[in-house]
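Since we're looking at a predicted model, the values are computed, not measured. Indexing begins at 1, ligand by ligand and atom by atom, following the structure's order.
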Amino acid sequence: MKHRIVVLGAGYAGAFAAGNLARRLSPADTEITVVNAVPDFVERMRLHQLAAGRDLTSRRLADVFAGTGVRLRLARVTGIDPERGTVAVTGATGDDELAYDTLLYTLGSSVAHHDVPGVAEFAFDVTGWSSALRLRERLAGLGAGGTVLVVGEGLTGIETATEFAESRPDLSVALAARGELGGRLSPKARRHLRRAFDRLGITVHEHTGIRAVETNRAIAADGHTVPADVTVWSAGFAVHPVAAASGLTVADTGQIVVDHSMRSVSHPDVYAAGDCAYATGGNGRPLPMSCASAGFTNMQATAAIIARLTGSEVPSTGLKYYGNHISLGRRDAIFQMVDRDARSKSWYLGGRAAAHLKSGVLTGAGWGIAHPTFGMPKRRRRLAPTPGRAGVRAVA
Ligand SMILES: Cc1cc2nc3c(=O)[nH]c(=O)nc-3n(C[C@H](O)[C@H](O)[C@H](O)COP(=O)(O)OP(=O)(O)OC[C@H]3O[C@@H](n4cnc5c(N)ncnc54)[C@H](O)[C@@H]3O)c2cc1C
């Protein structure tokens, strides 16, 4: 019987990992299945662009995995039974159960509502394909002078506000920041950011935590109101509840707690990567949810899975976070390096050069997903003699 590897989620971490596994393991004794809720690869890093009216390149996962040996199952994951080694899914043909010997969990994240009243009912977000499309429709129907409030001064909030202000100069765009705009950037990069906001005419409400959202306004913690025909909630990402409900050990965030090899600390035949993994970086801090972290963690997870299945030593990938690369519309950006302790270094790259670099990063990430077995070696590795579910458990 072949060793069944099931990858949950075909986003930046899962799609790349599945291709990598298919590239390195022999199909003679492994069977790789990817489960994804939607038929297309969603370029989440461009969803604020989609909401602003830009059309994104469509990448059908069926085409991405064609000829790789990876089986694609279009279905929504509804539960995991890690004791039995099964995943519950629901799709076009109804409910089903998939059995695995090794599971790689990469279901990513979505918007974090933080239980703020009115967010679920009235706010929009750019964290998923359908929510970004819903926002796109709403913005398209918003006439000149309409007010848009982006809540959150994180990287996604900044990218969203600048993208909207650049593509829709007829709208009045504002951003509510709980702290200071660009507070985590170096002083020079912060000045660059402020200049960009001034140039684009974005109003900034600093030290303004939003405690409620209504149909046409948001209410700040101190009671003052900010007019908003459209409120875009961008106050962080939250992971799906599937992992916590399945009995896997999770952090307060709901992310799966993993060791350095991305293996679940509670269930050795389960691995996690990307936004849903609670992984500690080389500096002893949890890796931030980001595409860069999704890259490092999926590479570490696949390397560990392959090593344990083929009976070789588990290699160690450096889990680093180098910096933040923030688009400020299409012609400007900030690339801010951080030090080992995640503090911004004084040097940053800004302007068109940084925008070109960011554009290259986004294009490269999309291309990598579209060609998941690029550079496939002619000889793929066979499994060690006892690669079954019990055998995998036995390998330290
Ligand atoms: C607008 C925006 C801009 C961003 N910009 C940047 C940036 O510039 N740099 C950066 O590093 N990061 C950025 N990020 C963050 C980055 O997109 C995420 O960190 C990254 O997508 C995480 O990759 P992942 O594979 O863990 O999850 P995802 O890419 O979210 O993939 C998860 C996959 O799982 C699938 N899925 C989810 N739930 C289920 C289910 N129940 N059943 C089946 N399938 C399911 C989804 O359809 C998806 O295919 C941005 C995010 C957003 C929203």
Are any side-chain N or O atoms of Gln300 and backbone N or O atoms of Pro315, one a donor and one an acceptor, separated by less than 3.5 Å? yes

Please confirm whether the backbone N or O of Gly79 pairs with a side-chain atom of Ser246, one donor and one acceptor, at under 3.5 Å?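 Here the side-chain-to-backbone pair does not exist.
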
Regarding Arg54 and Glu163, does a basic nitrogen lie under 4.0 Å from an acidic carboxylate oxygen?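 Not counted as a salt bridge, because no side-chain N and carboxylate O are separated by less than 4.0 Å.
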
Do Arg381 and Ile306 make a side-chain contact, defined as non-hydrogen atoms from C-beta onward lying under 4.5 Å apart? yes

Taking the side chain as C-beta and beyond, is there a heavy-atom pair between Ser234 and Val151 under 4.5 Å? no

closest protein heavy atom to atom 34 (O) of ligand 1 is Gly9 CA, 3.4 Å

Suppose we measure from atom 21 (O) of ligand 1 to each protein heavy atom; which comes out shortest, and what is that distance? Tyr12 CD1, 3.2 Å

Part of Glu159 with heavy atoms under 4.0 Å of ligand 1, whether side chain, backbone, both or neither: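 The answer is the side chain of Glu159.
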
Is Phe41 touching ligand 1 with its side chain, its backbone, both, or neither, if touching means heavy atoms under 4.0 Å apart?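 Contact part for Phe41 vs ligand 1: neither.
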
Close N or O approach ([X], ligand 1; < 3.5 Å):
X	value
Thr156	no
Ala273	no
Asn36	yes
Val42	no
His48	no
Ala37	yes

Among Thr310, Thr30, Asp29, which residue satisfies the side chain to side chain donor-acceptor pair (under 3.5 Å) criterion with Arg382? Asp29

Among His240, Arg44, Gln255, which one satisfies side chain to side chain donor-acceptor pair (under 3.5 Å) with Ser109?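 In the set His240, Arg44, Gln255, the residue that makes a side chain to side chain donor-acceptor pair (under 3.5 Å) with Ser109 is Arg44.
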
Between ligand 1 and [X], can you find any atom pair, the residue atom being a heavy atom, that is separated by under 4.0 Å?
X	value
Val126	yes
Trp129	no
Gly128	no

Using a strict cut-off of 4.0 Å, indicate which atoms of ligand 1 neighbour a heavy atom of [X].
X	result
Ala10	33 (C), 49 (O)
Gly108	26 (O), 27 (O), 30 (O), 32 (C)
Thr127	53 (C)

For [atom], which candidate among [options] provides the closest heavy atom?
atom	options	value
atom 39 (C) of ligand 1	Thr160, Leu155, Leu61, Leu107	Leu107
atom 38 (N) of ligand 1	Lys358, Glu43, His240	His240
atom 16 (C) of ligand 1	Cys291, Ser293, Ala294, Gly11	Cys291
atom 5 (N) of ligand 1	Met289, Met45, Arg73, Arg76	Met45
atom 19 (O) of ligand 1	Asp275, Leu50, Val7	Asp275

Arg136 charged N/C atom sitting above Phe124 aromatic ring, 6.0 Å / 45°: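 The answer is no, since Arg136 fails at least one limit relative to Phe124.
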
Which atom of Thr302 lies closest to which atom of Met299, heavy atoms considered: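 Shortest heavy-atom contact: OG1-O, 3.1 Å.
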
What are the two closest non-hydrogen atoms of Tyr105 and Ala243, and how far apart are they? OH-N, 3.3 Å

Enter the distance from Leu133:CG to Leu50:CG here, rounded to the nearest 0.5 Å.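 Atom-to-atom, Leu133:CG and Leu50:CG are 5.0 Å apart.
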
Would you say the rings of Phe41 and Tyr12 are close, in the sense that their centroids are separated by under 6.0 Å? yes

